[in-house]
Every structure is written in structure tokens, then in C-alpha cells.
Chemist: 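Sending over a structure as C-alpha cells; questions will come in a sec.
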Amino acid sequence: MNAKSAISKEIFAPHDERMLGAVQVKRRTKKKIPFLATGGQGEYLTYICLSVTNKKPAQASITKVKQFEGSTSFVRRTQWMLEQLRQVNGIDANRDSPEFDLLFENAFDQWVASTASEKCTFFQVLHNTCQRYLTDKKPEFINCQSKIMAGKTV
């Protein structure tokens, strides 16, 4: 079973949610961690996941999921409701780049996806999900290649 299907089964299915998409990421900038606040976690993989609840009205959210070295299980970390997403920055609209930023009401993260095509696929799913589930304030997609918005009005 690949990581994404394992995340879907372990993290989202028990909460009656469907995972719509995920992208494996690394931080583009090192986050300053207060002295010994985390107890030294070692190496880990990070995934940004997009999910929706199965209950009506459906609630979409973005969740940061980690898998620590030597472990086969996944841990749910930070979660934001899709309504809290203010901006998706693709960094460069003119070339395939794995870098991107997500700006939320109360957080800002700079990421590098494992590949540019994985980022592009995630952005397409994210954009379509925003169009479908958000009625009022949709996040701004900036510096994104036109193929990400293909077939949808922005």
C-alpha cells in the first residue's frame, strides 16, 4: 500500500472523511523551534492532505500529516478548515517548480513538493475543491500555471 492510500485509511476514514489529494513536502525554510520544545523528533516525512467530510453539509479541510522515521503509522498534525485558506502561491507561473506557499488566516507555510508534477496535481484538486465547497471567500491563486486552473473560471 502506498503512503497516500495508507494516510487515507489511517487518518481520514476513521473520522468519516475522504482524502481528495495529498502532496509530500519539505519545508523551504527552517522553522525556528524553541529550545527542546519538541524533544528532538528525528527525521520524518510530511504530507499536506486535502479532505472532505462525508456528512452533509460537507466540510473541506487541509491537514498536515507526518510519518516519523522507523514508524509505519501516520500522525495527524495541524488542520485548517478550507475557509481559512487565503492564498495559494505557486511561486512561478512560467515554469514547473515544486515550490509553493500556503497562507492561512493564522499561519503561513513555505513548502517544496517532492516533484513539480505532484504539486501541480495537488493544486488542481485544491482549486477544484475550493470552487466546489467555498461559496463566499475563495482563496487567491497567484503565480500558478494556467494548466492548474484549466476548465475552471477563476
Chemist: For D109, is there an ion pair with R27 - N to carboxylate O distance below 4.0 angstrom?
Modeler: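 So R27 pairs with D109 through a salt bridge.
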
Chemist: Distance check, rounded to the nearest 0.5 Å: L50 atom CG versus L20 atom CG?
Modeler: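 Taking CG in L50 and CG in L20, the distance rounds to 5.0 Å.
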
Chemist: How would you list all residue pairs meeting salt bridge (Lys or Arg N to Asp or Glu O under 4.0 Å) that involve residues 115-127, not counting sequence neighbours?
Modeler: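 For residues 115-127: K4-E118.
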
Chemist: Name all pairs fulfilling the salt bridge (Lys or Arg N to Asp or Glu O under 4.0 Å) condition that reach into residues 135-146, sequence neighbours left out, sorted by first residue then second.
Modeler: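 For residues 135-146: none.
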
Chemist: Side chains of I148 and L126: closer than 4.5 Å at any heavy-atom pair?
Modeler: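 With C-beta onward as the side chain, the pair stays apart.
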
Chemist: Below 4.5 Å, heavy atoms only, C-beta onward: do I7 and Y47 meet side chain to side chain?
Modeler: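 Yes; the side chains approach each other to less than 4.5 Å.
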
Chemist: V125, L134: one ILVMFWY side-chain cluster at the under-4.5 Å cut-off?
Modeler: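 Shared cluster, yes.
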
Chemist: Say you draw a straight line from CZ of R132 to OG1 of T129; how long is it, rounded to the nearest 0.5 Å?
Modeler: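 Here the rounded value is 8.0 Å.
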
Chemist: Which atoms form the tightest heavy-atom contact between S51 and F12, and what is the distance?
Modeler: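 Distance-wise, the nearest heavy atoms are OG-CE2, 3.4 Å.
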
Chemist: Between NZ of K147 and SG of C120, what distance do you get to the nearest 0.5 Å?
Modeler: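 Going from the NZ atom of K147 to the SG atom of C120 covers 4.5 Å.
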
Chemist: Quick one, T46 with K64, criterion side chain to side chain contact (heavy atoms under 4.5 Å, CB included). Give me CA distance, side-chain angles, the key distance, then yes/no.
Modeler: CA-CA 7 Å; T46 304; K64 190 166 26 175; 3.7 Å; yes

Chemist: Any idea which heavy atoms bring T115 and P98 closest together, and the distance?
Modeler: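 Here T115 and P98 meet closest at C-CB, 4.0 Å.
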
Chemist: Could you tell me if the side chain of Q59 sits less than 4.5 Å from the side chain of M81, heavy atoms only?
Modeler: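 Yes, side chains in contact.
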
Chemist: In chain order, what residues pass the ring pair (Phe, Tyr, Trp, His ring centres under 6.0 Å) check against Y133, with sequence neighbours excluded?
Modeler: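 Here no residue qualifies.
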
Chemist: Taking the side chain as every heavy atom from C-beta outward, state whether F100 and N89 have any pair of such atoms under 4.5 Å apart.
Modeler: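 They are not in side-chain contact.
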
Chemist: Taking it one step at a time, do L85 and L82 satisfy side chain to side chain contact (heavy atoms under 4.5 Å, CB included)?
Modeler: CA-CA 5 Å; L85 182 62; L82 196 58; 4.2 Å; yes

Chemist: Working to the nearest 0.5 Å, report the span between NE2 of H15 and OG of S61.
Modeler: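 Those atoms lie 10.5 Å apart.
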
Chemist: I'd like to check V65 versus R77 (side-chain heavy atoms, cut-off strictly below 4.5 Å). Are they in contact?
Modeler: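 Of all side-chain heavy-atom pairs linking R77 with V65, none is under 4.5 Å.
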
Chemist: Stepwise, does the side chain to side chain contact (heavy atoms under 4.5 Å, CB included) test hold for Q24 with L45?
Modeler: CA-CA 7 Å; Q24 185 182 336; L45 297 175; 3.4 Å; yes

Chemist: What's the shortest heavy-atom distance between A22 and C49, and which atoms?
Modeler: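 Closest approach of A22 to C49: CB-SG, 3.9 Å.
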
Chemist: How are the rings of W80 and F104 set relative to one another: parallel (under 30°), tilted (30 to 60°) or perpendicular (over 60°)?
Modeler: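 Aromatic pair W80/F104 classed parallel.
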
Chemist: Taking all non-hydrogen atoms of both residues into account, name the closest pair between G90 and F123 and its distance.
Modeler: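 Minimum heavy-atom separation between G90 and F123: CA-CE2, 3.7 Å.
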
Chemist: Between I62 and I48, is any pair of side-chain heavy atoms under 4.5 Å apart?
Modeler: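 They are in contact (side-chain heavy atoms under 4.5 Å apart), so the answer is yes.
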
Chemist: Using the salt bridge (Lys or Arg N to Asp or Glu O under 4.0 Å) rule, collect all pairs that involve residues 6-21, keeping only residues at least two apart or in two chains.
Modeler: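 Passing the test, one end in residues 6-21: E17-R76.
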
Chemist: Are D101 and Q87 close enough that a side-chain donor and a side-chain acceptor fall under 3.5 Å?
Modeler: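 No, because no side-chain N or O of D101 sits under 3.5 Å from a partner of the opposite role on Q87.
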
Chemist: Please list, chain by chain and in numerical order, all residues satisfying side-chain hydrogen bond (donor to acceptor under 3.5 Å, both in side chains) with S73, sequence neighbours excluded.
Modeler: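 For S73, the residues satisfying side-chain hydrogen bond (donor to acceptor under 3.5 Å, both in side chains) (neighbours in sequence not counted) are S71.
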
Chemist: Atom CH2 in W111, atom CD in E99: separation rounded to 0.5 Å?
Modeler: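 Reported value, rounded in 0.5 Å steps: 13.5 Å.
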
Chemist: For P139 versus C130, what's the shortest heavy-atom pair and its separation?
Modeler: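 Residues P139 and C130, closest heavy atoms: CG-SG, 3.5 Å.
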
Chemist: Would L102 and V88 count as a side chain to side chain contact (heavy atoms under 4.5 Å, CB included) if you check the C-alpha gap in whole Å, the side-chain angles of each, and the deciding distance to 0.1 Å?
Modeler: CA-CA 5 Å; L102 296 177; V88 177; 4.1 Å; yes

Chemist: Which residues end up grouped with V112 if you chain together Ile, Leu, Val, Met, Phe, Trp and Tyr wherever their side-chain heavy atoms are less than 4.5 Å apart?
Modeler: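 The other cluster members (ILVMFWY side chains, heavy atoms under 4.5 Å, direct or chained): none.
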
Chemist: For a 4.5 angstrom cut-off between non-hydrogen side-chain atoms, does Y44 reach E69?
Modeler: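 Not touching, per the 4.5 Å side-chain cut-off.
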
Chemist: Got I91 and N143 here, is their nearest side-chain heavy-atom distance under 4.5 Å?
Modeler: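 Not in contact.
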
